[in-house]
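Here the structure comes first, spelled out in structure tokens, and everything after it is commentary.
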Amino acid sequence: SQKIEQNSEALNIQEGKTATLTCNYTNYSPAYLQWYRQDPGRGPVFLLLIRENEKEKRKERLKVTFDTTLKQSLFHITASQPADSATYLCALPARRGNTPLVFGKGTRLSVIA
Amino acid sequence: NAGVTQTPKFRVLKTGQSMTLLCAQDMNHEYMYWYRQDPGMGLRLIHYSVGEGTTAKGEVPDGYNVSRLKKQNFLLGLESAAPSQTSVYFCASSYSGFSYEQYFGPGTRLTVT
């Protein structure tokens with residue numbers, strides 16, 4: 001089964017800077033990878049999906065990259081704002097084929113004004 | 001659209017008691033999921049369903065049962081609650097297929113004493 005590693009410690013960043021979060025996986029390269037945002041006391045909210053044949057995906061201030069050689073996805077938030085403070089989770093298929101997702105433990109981002 | 005709703009929001013059980021958590025979605029989604037989230041463990045899949053009348057085990061199914069008698073509802077049962085089942089439970093749904101974005105409910109905080 002796939003293992004996911006995300007920055008286990010919280011990430012503190014100054015408002016206006018670019019936040020970069022890392023998601024590493026250890027086994028096979030998945031066909032796709034998803035990123036979610038979770039605020040305290042609430043359920044995760046889907047942000048972006050990137051497929052194995054896509055190097056990069058953008059949505060407003062968000063950018064996701066997918067490097068199958070490094071077995072890594074990077075999640076960037078440009079011009080970060082205090083409202084971006086949350087925990088960010090990556091998720092990908094637990095095994096090859098059509099299987100449920102496994103989620104990383106998440107990285108807590110704090111954007112300081 | 002209410003999206004995904006969960007009932008109840010909070011519950012305290014004594015060891016050995018039973019209860020049922022209800023999840024409902026109004027998006028006509030085929031797939032539904034039950035997760036638990038514990039500090040330091042991330043989201044873990046308990047059971048899932050790929051359509052009305054079908055259920056399957058996830059990563060941590062022991063101690064739980066589920067039913068999907070109607071497409072819009074997914075029930076999670078605890079027959080004999082244990083303190084190890086103290087957690088926050090999230091229900092989610094997706095349109096069709098594991099690669100589709102998941103929509104999460106607000107969660108149920110369960111404490112077993």
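Below, chains carry the letters A, B, ... as their sequence lines are ordered, and counting in each starts from 1.
For B:M41, the CE atom sits in a loose shell: 12 or fewer heavy atoms of surrounding residues, nucleotides or ligands are nearer than 6.0 Å.
When hydrophobic clusters are built by joining Ile, Leu, Val, Met, Phe, Trp and Tyr residues whose side-chain heavy atoms come closer than 4.5 Å, directly or via intermediates, B:F90 is not grouped with B:I46. Note: the hydrophobic cluster containing A:L11 also contains A:V111 (ILVMFWY, side chain heavy atoms under 4.5 Å, direct or indirect links). Under the 4.5 Å side-chain heavy-atom criterion for ILVMFWY residues, a single connected hydrophobic cluster contains both A:I13 and A:L47. Using a 4.5 Å cut-off between side-chain heavy atoms of Ile, Leu, Val, Met, Phe, Trp and Tyr, with links allowed through other members, A:F46 and A:L101 fall into the same hydrophobic cluster. Residues A:L48 and A:L89 do not share a hydrophobic cluster, defined by chaining ILVMFWY side chains whose heavy atoms lie under 4.5 Å apart.
Qualifying side-chain hydrogen bond (donor to acceptor under 3.5 Å, both in side chains) partners for B:Q17, counting only residues two or more places apart in sequence or in other chains: none.
With a threshold of 4.5 angstrom between heavy atoms, A:I4 does not approach chain B through any atom at all. Proximity to chain A (any heavy atom under 4.5 Å) is restricted, for B:L45, to the side chain, taken from C-beta onward.
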Donor-acceptor pairs between chain B and chain A under 3.5 Å, which ones?
from	atom 1	to	atom 2	distance (Å)
B:Q37	OE1	A:Q38	NE2	2.9
B:Q37	NE2	A:Q38	OE1	2.9
B:G40	O	A:K105	NZ	3.3
B:F98	O	A:Y32	OH	3.4
B:S99	N	A:Y32	OH	3.4
B:S99	O	A:Q34	NE2	2.7
B:Q102	N	A:Y36	OH	3.0

